[in-house]
Amino acid sequence: MESRYAPQGVEARWRKVWEEHRLYRSQPDERAAYTIVMPPPNVTGVLHMGHVLNNTLQDIIARFYRLKGYNVCWVPGTDHASIATEAKVVARLRAQGIDKRALGREAFLEEAWKWTHEHGGIIVEQLKTLGISADWDRFRFTLDPPLYRAVMRSFVRLYQDGLIYRGKRMIHWDPVALTALSDEEVIYKERESILCYVRYPAENGEYLVIATVRPETILADVAVAVHPADERYQHWIGRRVRVPLTDRFVPVIADEKVDPTFGTGCLKVTPAHDPGDYEIGERHRLPIIDIFTPEAYLNEHAGVYAGLTREEARQRIISDLERLGFLEKTEPYRHSVGHSERTDAVVEPRISEQWFVKMKPLADLALRAVKTGEVRLIPERFLATYRHWLENVKDWCISRQLWWGHRIPAWYAPDGQVFVAATEEEARAAAKAAGYDPNSLRQDEDVLDTWFSSWLWPLSVFDFFEDPNNVDFRYYYPTQTLVTAPEILFFWVARMIMAGYYFAGKKPFSTVYLHGIVRDKQRRKMSKSLGNSPDPLELIRNYGADAVRMGIVMSAPAGNDLLFDETLCEQGKNFCNKLWNSFRLIHLWREKAVDEPPSDFHLEAYQWFEHILNLLQAEVEQLIQAYRFYEAAHLLYRVIWEQFCSWYLEALKPVPARSLLEKVESQAERLLQLLHPLMPYITEELWHQLKGAPETSSISLSSLPSSTGSGKEIDWNLLDAVQLAQTAISQIRRLQQAFSISEVQEIYTLAYQVAFFPTLRRWIEHFLGKKLEKVSSSPTGRSLRVVVRSTGAPSYFLERAVLHQEIFFLQAELPNQKWEELVHSLQKEKLHAESFLEKLRAKLLNPDFIQKAPPEVIEKERKKLKDTEERLRLLTEQLEALNSG
RNA sequence: GGGAACUUAGCUCAGGGGUUUAGAGCGCCUGCCUUACAAGCAGGAGGUCGGUGGUUCGAUUCCACCAGUUCCCACCA
């Protein structure tokens, strides 16, 4: 074995072996299933830190439950990402001077498939380098024929059930992608704009003043509205005012919707370009003037402004208003402006005919699921936002004016009659039955929102829509855990829950684990434009996948955003190296071990570590089951580094007896198993080296012995004794360093913990090279005394606070100056102890405390008092001895 | 405007009504190339637990208010 762990070769080799032997393939069998569906990344996407986090966490779960004996099935896949992919293909074509529309639908789709095949494999290959244990045989793409059919069938069913309808509504329009968007695809951002106060003159020369941030839409005004109860404007209701810059007169109307406290209390009504105005327009049967082209340029209805962009028109109109005396004043104004999630274009409210899903009945299903606890959200605080969203959800606009995606299964007869069917044949048959010419049908041009296929994912990957009774579906569904980011709680998670109940009558998963967003050290979201997102592949090359996994898991605890710092990968790499070298030591021992009975000390150390391991396993299992990966990683890190390497292996030096070594190796194996979910590659490698197992076997398929828990089997006395010994050894070393003691001559103790004495003696002798001796009374004259206090057993395991206090004396030569330093430090310690004693006494003299505090607490305080008095007595004694010496 | 969360060591965070007067990792300081590992070993320094009140025998921990930070939702032009 090399003295440095080189992950690159090891990882590449095992990745290949795992894949070739299809190690993570799952088939239904008699074991309990543990199913995870991977949130499918965009097919043409590139791996970023969010994917690393998301998939590492899923892999930890998958590998853990596999070790626990479950039949783990982790279904990977990719999403066709309708709008994102189409935007990329359009851009590529444009770069070649080709216009999408000119190319035509068929040819465009060919281009899109070409692009998908070129780029679609990349992210999958990148994911594989992470070492994730998905079942690649089950890989699915949302446009695969069975999944395509699933979308068609679900659409038809919802349509037949009256939950899908087509209608003319005001929707969010993306003027760059030229498509409708759902509410969730609109991101609101605070923007600085100008609030213009514009005069709308009446025939008699009076005028109303209206505040607006969108003066360019003045040209589309069809009314001015005031609140019906607004005293100021009573006499205006029913009169007419002229729309500035035009010669149109529009009525002044009264509508409850107007907020009399905003601006001047007068609202210009522009039904074509504002959702609120649209409602008012409907109520008052106002005409609609649309002044924008789909690209959000002003159109012919905008007169002289036609051809300008929204922004240009705004500038021009403001200056024209001013020039013509319509502009009363302007003031800066901050408000939020909707942007397209994909293109970042400012969305334009637009009236158009779209397909919608009626959400209310579906939302009720999803609400019930979390209220009854059938579906659990972790962390729980997301419950509030989840509920709020579902309780206020509006209908879901699912049609997109795009080509890349699932084409809406609706066919129109020349007279507009709609036939919704899963296939063209069925639509034709239906048309024929209704007396139409089947050949006259024309399919809807639009495709469906990407999320309309995603919400079926847990169902469709198991071919529910092909055959609801198929073996896989019955075995794997519902799945257990969904791991995803809170950003898509509404987009995806809530809708999957709806779809699961609606189509299959069952929840899609039991638990949703929502992890944070990966940010940089300055808390900025990682993004390409900021250039603050490290390339995961680069990280994997530099540190190894295990190190990157460990690094990202150790970044932050559950639920919080995590601040990624590359030094964590380095820490992970160092940890790999540490682990690697600990196994290297075990290997060296194999050659050197002799056939002798093990020493009492080694036997005791072995027993002790066995208990540590049992505690570790119980706690790691509990933590992973509770989705506390960060804590599990930290615990393993510390126990392996401190207890296993620094104490246990050191204790077994120079070499344990052969019979003991075998037992030590099986402990080491258990450590590897516990660590395996976090760091699959190195543990696989070390496991094979340890076991000499054939390539086809794998630590991931080994079985973890069941945890003994932290019950009676644990020898707390031994753990406490060793902990006390460790603390004593550290303290004595500290004194040696602090006072530059080259050699400790003797170590004595007044051992009133008689039971611990043999353990203390063995450990101190091994680590300090001196035999611990018992003395009956404190030595006089110059000696170092140290009070060792230990809370008993490593603190990271338990709340148990068994406090032990032990006093040791060291006989050593010190130069005079050092004795003075010692006196000084002891005096400081004495003062400290005295003030503490004061506090304790006061507390114990307080009658309220004695009366009201629970007896255990009073007992504890008394023990503290006694110990502190003892410490103080010793300090005084020692100071006297030093002064006289 | 509504909702949620956070504020503990230089940084990132655990913790929890009484834990010998607060824990970890990283960073920092000191001494070591000790034959598994310098990607290492052995030690160390560093915090009046955001502020103010309240509840309590006792609060960093519970409550209220204040200040600051962050996120989500919302058509107020």
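No experiment lies behind these values; they were computed from the predicted model shown.
Helical stems in RNA chain B, defined as runs of 3 or more consecutive Watson-Crick or G-U wobble pairs with both donor-acceptor distances under 3.5 Å, are listed by first residue as B:1-7 with B:67-73, B:10-13 with B:23-26, B:28-32 with B:40-44, B:50-54 with B:62-66.
Going from the P atom of B/rG23 to that of B/rG44 covers 14 Å, rounded to whole Å.
Rounding to whole angstrom units, NZ of residue A/Lys257 and P of B/rA74 are separated by 14 Å. In this structure, A/His227 places its NE2 atom 18 Å from P of B/rA77, rounding to the nearest Å.
The side-chain hydrogen bond (donor to acceptor under 3.5 Å, both in side chains) test applied to A/Lys866 returns no partner, not counting sequence neighbours. For A/Tyr386, the side-chain hydrogen bond (donor to acceptor under 3.5 Å, both in side chains) test picks out no residue, with sequence neighbours left out.
At the heavy-atom level, A/Leu267 lies under 4.0 Å from base atoms of the strands shown. No contact: A/Arg387 has no heavy atom under 4.0 Å from any strand. A/Tyr333 comes within contact range of the sugar-phosphate backbone alone, with a heavy-atom separation under 4.0 Å but no base atom that close. When heavy atoms are screened at a 4.0 angstrom cut-off, A/Phe490 is found touching the sugar-phosphate backbone but no base atom. Looking at heavy-atom distances under 4.0 Å, A/Ser582 makes contact with a base. Residue-level contact check: A/Val269 touches neither bases nor backbone, having no heavy atom under 4.0 Å from any strand. Note on A/Lys394: only backbone sugar-phosphate atoms sit closer than 4.0 angstrom, heavy atoms only; bases stay farther off.
Side-chain proximity of A/Arg638 to the nucleotides B/rU21, B/rC37, B/rG25 is greatest for B/rG25.
For the segment residues 842-859 of chain A, residues with any heavy atom less than 4.0 angstrom from an atom of RNA chain B are, sorted by number, A/Asn846, A/Asp848, A/Phe849, A/Lys852, A/Ala853, A/Pro854, A/Val857.
Note on A/Arg584: every side-chain N or O is 4.0 Å or more away from OP1 and OP2 of B/rU35. For the OP1/OP2 pair of B/rU19 and a distance below 4.0 Å, the side-chain nitrogens and oxygens of A/Lys860 include no atom meeting the criterion. In this model, the phosphate group of B/rU12 is not approached by any side-chain N or O of A/Tyr630 to a distance below 4.0 Å at OP1 or OP2. The phosphate of B/rG58 (OP1 or OP2) has no side-chain N or O of A/Lys839 nearer than 4.0 angstrom.
Take the nearest nucleotide of RNA chain B for A/Gln571 and for A/Lys864: the residue whose nucleotide is more 5' is A/Lys864.
Looking at A/Arg873 and A/Glu870, a side-chain N of the basic residue comes within less than 4.0 Å of a carboxylate O on the acidic one, giving a salt bridge.
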Report task. Apply salt bridge (charged side-chain N to carboxylate O under 4.0 Å, His left out) to A/Glu619 and A/Arg628, showing your working. Result -> CA-CA 11 Å; A/Glu619 196 147 329; A/Arg628 305 183 66 148; over 6 Å; no
Report task. Produce a footprint string for nucleotides 39-46 of chain B: one letter per nucleotide, 5' end first; B if the base is under 4.0 Å from any protein heavy atom, S if only the sugar-phosphate is, - if neither. Result -> BSSBSS--
For residues 851-859 of chain A, dump all side-chain donor-acceptor pairs below 3.5 Å to protein atoms at least two apart in sequence or in another chain.
none

